[in-house]
Amino acid sequence: MGCRSTLILKALQGLATMPAMSKQHQTCLVCGERLEEPHVYGDRLYCETHLSQFSDDLAALWQTGLLILLSLAVLVGTIAIANAVAPNPSGPTRLLANALVIGLPSIGWLILITQRLDGEDGAAPSLVSALFVLGSLMAAAVVRPLTNEILALGGRLAATSPANRFVANVLILGMLHAFVLYGIVRYSVWRTTSFSLRVHGVLYASAAGLGYAATQVGLFALERGGLSMLSGGLTLLTRALPFATASLIVGYFLGINRFENQPFYYLPSGVALAGAVCGVLLYAGTELNNIRLNITTDGFSPWPGFVVNVLALTIAFGAVYGLLQRQNTITKARLRLRG
Ligand SMILES: [Zn+2]
């Protein structure tokens, strides 16, 4: 017992002295290399290589993201044509069309980005794929059973008022999704050598977010035996976009906080912002279309929710890109000033 309390005391003392960066533990934040003369940035210690590297950009990430955003327009055009040619497809055809709508943007992004990562940018393509799978597993094995079976939110939300639905979407669903996406990245790659650039936050969180989104809407379609070609396809995209948007925001905050000390409320605020945005978009995506009345027929307009959610994702993409570019430019300028 005495031994255990001594251990606890030592652990507490260790925690108390951590910010002081004691001489014995001067290692690079990214690679863990022991440093005789460490470089300090934002109260964090770096080796020479990683100090100059962490503010580098990853052009492939933004190019691939932009390509996927543009491809959504092509995808929607294609399902509109397919819908005109075959307005009443059979169940298996519907499921196949749904699978393409879900898989092309998400798995397409994964294939493109892992091809473009060349090793010089510090990111590990295998980790990007692993996070995609992890996001998918968390959605299927943890979050969907929790929201749909344990909490039975679908039925409860359908029976309550729009104002209550809004609050529940923001405070329960949005926060839960954002926290899970945050947790996947935070407790896997965040402290590893493969997270060596600020923009890696967006890279890894997007991978987790797209795996998560694809599985969430894939199971949604499967449970209903496949949704109709056009409005069903649009519904699936609309329901997937809030997760992608949340992952961009979570990735931004994780990327910033990895390389600089921030106040204790910084990451929680980022997760809360992502959760609020996710919740509002989940609400807008369903409520604007009024889809809960009849989900498998084209008796409603699937467009308003889709347009709002695509615009939101585009704005989030532009904002996260702009903010990260600005932060990286400032860091590079500060490092140059130091000589
Ligand atoms: Zn290093």
Side-chain angles (χ1 to χ4, degrees), residues 11 14-64 113-132 134 181-208 247-248 250-264 266-267 270 320-321 323-339:
L15 279 177
T17 54
M18 253 168 63
M21 296 188 294
S22 61
K23 278 268 176 206
Q24 303 94 298
H25 296 102
Q26 293 197 328
T27 54
C28 170
L29 164 84
V30 178
C31 62
E33 185 190 309
R34 277 190 175 266
L35 305 166
E36 293 303 322
E37 287 178 25
H39 299 273
V40 182
Y41 189 93
D43 288 337
R44 304 276 168 99
L45 302 181
Y46 293 91
C47 69
E48 183 119 28
T49 311
H50 289 119
L51 179 75
S52 63
Q53 234 175 38
F54 82 84
S55 53
D56 284 356
D57 193 24
L58 184 56
L61 176 67
W62 310 111
Q63 289 163 359
T64 314
I113 194 70
T114 46
Q115 296 288 318
R116 294 285 306 274
L117 295 172
D118 53 12
E120 284 176 22
D121 40 54
S126 57
L127 277 176
V128 175
S129 306
L131 281 175
F132 188 94
L134 199 55
L181 292 172
Y182 158 81
I184 292 171
V185 180
R186 169 71 179 77
Y187 298 104
S188 60
V189 286
W190 197 56
R191 283 182 185 271
T192 68
T193 315
S194 298
F195 199 129
S196 57
L197 308 183
R198 272 199 185 112
V199 288
H200 283 163
V202 172
L203 171 71
Y204 292 120
S206 298
S247 69
L248 280 175
V250 163
Y252 169 80
F253 280 87
L254 280 167
I256 297 291
N257 209 25
R258 160 95 164 127
F259 301 98
E260 276 170 83
N261 272 359
Q262 296 288 350
F264 69 93
Y266 185 80
L267 272 181
V320 164
Y321 172 77
L323 285 168
L324 278 171
Q325 297 295 318
R326 184 173 159 273
Q327 293 276 350
N328 287 342
T329 308
I330 291 171
T331 301
K332 295 239 180 267
R334 279 189 190 149
L335 294 178
R336 260 201 310 278
L337 276 176
R338 283 192 204 173

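Read the numbers this way: they start at 1 and go in the same order the structure lists the ligands and their atoms.
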Close side-chain approach of F259 and H50, heavy atoms under 4.5 Å: no

Intermediate values then yes/no, side-chain contact (heavy atoms from CB on, under 4.5 Å), I256 and Y266: CA-CA 10 Å; I256 297 291; Y266 185 80; 3.2 Å; yes

Metal environment of the Zn ion (ligand 1), protein N/O/S under 2.8 Å: C28 SG, C31 SG, C47 SG, H50 ND1

Check: L248 and Y321 side chains under 4.5 Å, non-hydrogen atoms: no

Parallel, tilted or perpendicular, as decided by the 30° and 60° cut-offs, for the rings of F195 and W190: perpendicular

Side-chain heavy atoms of L58 within contact of V202, under 4.5 Å: no

Charged N-O contact under 4.0 Å between D56 and K332: yes

